[in-house]
Amino acid sequence: NMKITKTQLKQIIKEELKEQYDAELTPEQQQVEELSYQLIDAIDAMGRSNPNLTDAYINLFRALKSAGVAIDRVAMLA
């Protein structure tokens with residue numbers, strides 16, 4: 001089971017976004033990118049998850065799916 005650092009994950013996400021869109025990110029996309037890094041930091045600080053957060057996780061995945069993110073493909077990269 002290979003583990004990657006938070007910095008490596010950020011770089012992978014940035015590279016994948018640039019490759020996928022092959023252009024500069026819009027201000028809205030830049031905001032999503034920045035907030036995703038903040039979410040990663042918050043999850044790292046949280047440590048072990050709480051089952052009471054399940055609804056929040058489901059809502060996050062629904063929002064990603066609604067935005068056209070191929071969740072299954074992204075999960076394969078994780």
*Taking the hydrophobic residues Ile, Leu, Val, Met, Phe, Trp and Tyr, and joining any pair whose side-chain heavy atoms are under 4.5 Å apart, which ones share a cluster with L77?*
none

*Return the set of residues passing side-chain hydrogen bond (donor to acceptor under 3.5 Å, both in side chains) with K65 (not counting sequence neighbours), or none when no residue passes.*
none

*Taking only residues two or more places apart in sequence, or in another chain, which ones meet D44 in a side-chain hydrogen bond (donor to acceptor under 3.5 Å, both in side chains)?*
none

_Any residue meeting side-chain contact (heavy atoms from CB on, under 4.5 Å) with A70, in chain and number order, not counting sequence neighbours_ = D72, R73

*Please check if the side chain of Q29 supplies one atom and the backbone of T26 the other of a donor-acceptor pair under 3.5 Å.*
yes

*Sequence neighbours left out, what passes side-chain hydrogen bond (donor to acceptor under 3.5 Å, both in side chains) with T5? Give chain and number order.*
Q8

*Report the residues that fulfil side-chain hydrogen bond (donor to acceptor under 3.5 Å, both in side chains) with Q30, sequence neighbours left out, ordered by chain and then residue number.*
none

*asked:* Tell me if a side-chain donor or acceptor on S66 pairs with a main-chain N or O of A63 at a distance below 3.5 Å.
replied: no

*In terms of heavy-atom contacts, does CE of M46 have more than 12 from other residues, nucleotides or ligands at under 6.0 Å?*
yes

*Who pairs with L9 by side-chain contact (heavy atoms from CB on, under 4.5 Å), at least two apart in sequence or on another chain?*
I4, I13, I40

*Rounded to the nearest 0.5 Å, what separation is found between the CD atom of Q31 and the CD atom of Q38?*
9.5 Å

*Got a sec, which residues hit side-chain contact (heavy atoms from CB on, under 4.5 Å) with L39, two or more places apart in sequence or on another chain?*
I43, L60

Could you pull out all donor-acceptor pairs under 3.5 Å where a side-chain atom in residues 49-56 meets a protein atom, sequence neighbours excluded?
| residue | atom | partner | partner atom | Å |
| --- | --- | --- | --- | --- |
| S49 | OG | Y57 | OH | 2.6 |
| N50 | OD1 | N52 | N | 2.7 |
| N50 | OD1 | N52 | ND2 | 3.4 |
| T54 | OG1 | P51 | O | 2.8 |

_Going by side-chain contact (heavy atoms from CB on, under 4.5 Å), name the residues that satisfy it together with N59, two or more places apart in sequence or in a different chain._
R62

